[in-house]
Amino acid sequence: MRPIEMICINCPLGCQLTVSRKADGALEVSGNNCVRGIEYAHTELENPLRRVTTTVNSGSMKVPRVSVKSSESVPVEEIFLIMERIEGFRLNRSCKCGDILIDHISGDIDLIATQDFTFSEGEVKI
Amino acid sequence: MTSAMMQSQILVIGAGPAGIAAAIAADSKGQSVILIERAESAGGILNQCIHDGFGSIRFGEQLCGPEYAYKEIKRLEGSSVIAYFHTTITEIRREEDFFLIDAVSPKKGTMTLKVEAIILATGCRERSARQIFLQGDRPSGVFTAGLAQYVINCMGYLPGKRCVILGSGDIGLIMARRLTLEGSSVLGVYEIQNEPSGLSRNIVQCLNDFGIPLHLSRTVIELHGKHRLESVTIMDVDENRQFIKGSEQIITCDTLIVSVGLIPEHDMVRELGIKYDPHTSGPIVDQTYMSNVPGIFCCGNALHVNDLVDYVTESGEIAGDAAVDYLNGIIPRKKIELIIDQSIGSIIPQTISLSATKTFTLPLFIRSKRTMRKSILRITNGGNELFTKRFNVVKPPEMIRIDLSCEISKVQTDFPFLISIKEERS
């Protein structure tokens, strides 16, 4: 494997890490100033996790989008999968900040509202 | 028609995180507070910042912008602050020891307020494409990053399909990810400086995760397109920011997102004789965040552009508390100037007012001018060292916050505080 360059984001130092895989399969990290750099390189290479934050169609004209997040961080490659599942979704009801809008959108991950939203029938999008 | 006349002790202008915190702080000390907000609801820019990372200092968790706003709005609703939304201030006049404010709203019409102190929490505005000397045509398809954020997150429209991002400020980086998630292709981020101006976290999670290239020392110089943007010309710059001839390249795109800096906003008080700091573009204040005009306080991004909303809320609380002290007649006496050298980009506050107390403790917010490794921050006064702190690294995008404590008996009040950061020779 070719060495990979990455920035450790544990602290403002932002160490420029170089990561390569040795013949026995173990990762070799250089450029780090502390042990957290090594942990970071392992997580980032083996299973990087990210919180998905986006919006869903509210069904209303006045407030067209409602902001949402994934209940937990998900593997990077699952981000687009979640985005696809949100695509055709329409809320068409009121919700509170913290409500589950789509349960089990991916495995045990739910999609959660991050704002209050009041739906009124008079403003339905056609 | 006569307009309604209202009276309160304190007026807070702007119901974003700074204004909410200032209003609650003053209200909790028993003062009558009116909060005026131009938009139809509270929360300010947090409402369109749907990404997470807010509140790690204040709440100990990574909240999304609207979630942070939600928590603060609930606190506001539990206070006795009187809030007027959808209300615009048209004029502020300074009288002998009070202020008269004209405001207008679609529901209430015109109104006049009489107050004794004003807290400005009007936030900041984006530097626009017009302010950075982009040449060429003037087609549609050029957005500031914050406008693009509003269009996508609040209106539900996609600004364009092939996007170039100019400037590596945090909002630009966050929009690179947002546009990608919503199906646009982001061709690259171009930054005229030789280091990114956004946080490392955003470089990693907004660009590297999606393979979006970041081009340093490279900038957009010209726009092309009759109606809609069709392409941009980019060019390399050398270390003195001079264009390198022959490096021109044309990129086909329909959208340019401009993320080239934020400027504190206080147009509405410009006539009142407030002194401004060229480094922060906000008013010069002491540790109470009061400007040189007695009774006018400033907090949040209207004071200086912050990287963390937690600090914005903190500054609102400081200004709210201090406005109450001011009304109670607690007037600080002597002022000491804080003077920064070439190593520092800006500092808040710019002066310290000594009061009758024996000691003082205050937060100082310092932005370094350039990236420095293994460096030491020093504060001296008349040759005496008051404070030192070592840093592994300081970077302009990441504001330094320190708590400065001093015994007043040890301060030479005729001398300024000198603040510097130096790299230590190893």
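A, B, ... follow the sequence lines: proteins, then strands. Residue 1 opens every chain. As a basis for the values below, the full set of heavy atoms in this structure was taken, side chains included, without hydrogen atoms, waters or symmetry mates. Given the structure is predicted, the values throughout are model-derived calculations rather than measurements.
Within 6.0 Å of atom OH in Y157(B), 12 or fewer heavy atoms from other residues, nucleotides or ligands are found, so the atom counts as exposed in its surroundings. Applying the 6.0 Å contact sphere to OH of Y150(B) captures no more than 12 heavy atoms from other residues, nucleotides or ligands. Dense packing is recorded around CG of N47(A), with more than 12 heavy atoms of other residues, nucleotides or ligands lying under 6.0 Å away. Within a 6.0 Å sphere centred on NZ of K107(B), other residues, nucleotides and ligands contribute 12 heavy atoms or fewer. The neighbour count for E72(A) CD, taken as heavy atoms of other residues, nucleotides or ligands under 6.0 Å away, does not exceed 12. The neighbour count for K74(B) NZ, taken as heavy atoms of other residues, nucleotides or ligands under 6.0 Å away, is above 12.
In this structure, I152(B) and R65(A) have side chains that are not in contact, with every pair of non-hydrogen atoms separated by 4.5 Å or more. For the pair T54(A)/R178(B), a side-chain contact is recorded, criterion being any heavy-atom separation below 4.5 Å from C-beta on. Using a 4.5 Å cut-off on side-chain heavy atoms (C-beta onward), K62(A) and E40(B) make contact.
Inspection of non-hydrogen atoms places V76(A), I79(A), F80(A), M83(A) of residues 74-87 of chain A under 4.5 Å from chain B. For residues 204-215 of chain B, a heavy-atom distance under 4.5 Å to chain A picks out V204(B), Q205(B), D209(B), F210(B), given by residue number.
Rounded to the nearest 0.5 angstrom, I203(B) CD1 and I9(A) CD1 are separated by 11.0 Å. In this structure, N153(B) CG and T55(A) OG1 are separated by 6.0 Å, a value rounded to the nearest 0.5 Å. The CG atom of D52(B) lies 7.5 Å from the OG atom of S73(A); values are rounded to the nearest 0.5 Å. Residue R51(A) holds its CZ atom at 6.5 Å from SG of C64(B), rounded to the nearest 0.5 Å.
In this structure F365(B) satisfies the ring-ring contact (aromatic ring centres under 6.0 Å, His included) test together with H304(B), Y311(B), sequence neighbours excluded. Considering only residues two or more places apart in sequence or on other chains, H104(A) meets the ring-ring contact (aromatic ring centres under 6.0 Å, His included) condition with none of them.
Checked by atom type, the side-chain pair E67(B)/S67(A) shows no donor-acceptor distance below 3.5 Å.
Looking at T180(B), the atoms closer than 4.5 Å to chain A (heavy atoms on both sides) sit in the backbone and in the side chain alike.
Between chain B and the residues K69(A), Q115(A), R50(A), the largest count of heavy-atom pairs under 4.5 Å involves R50(A).
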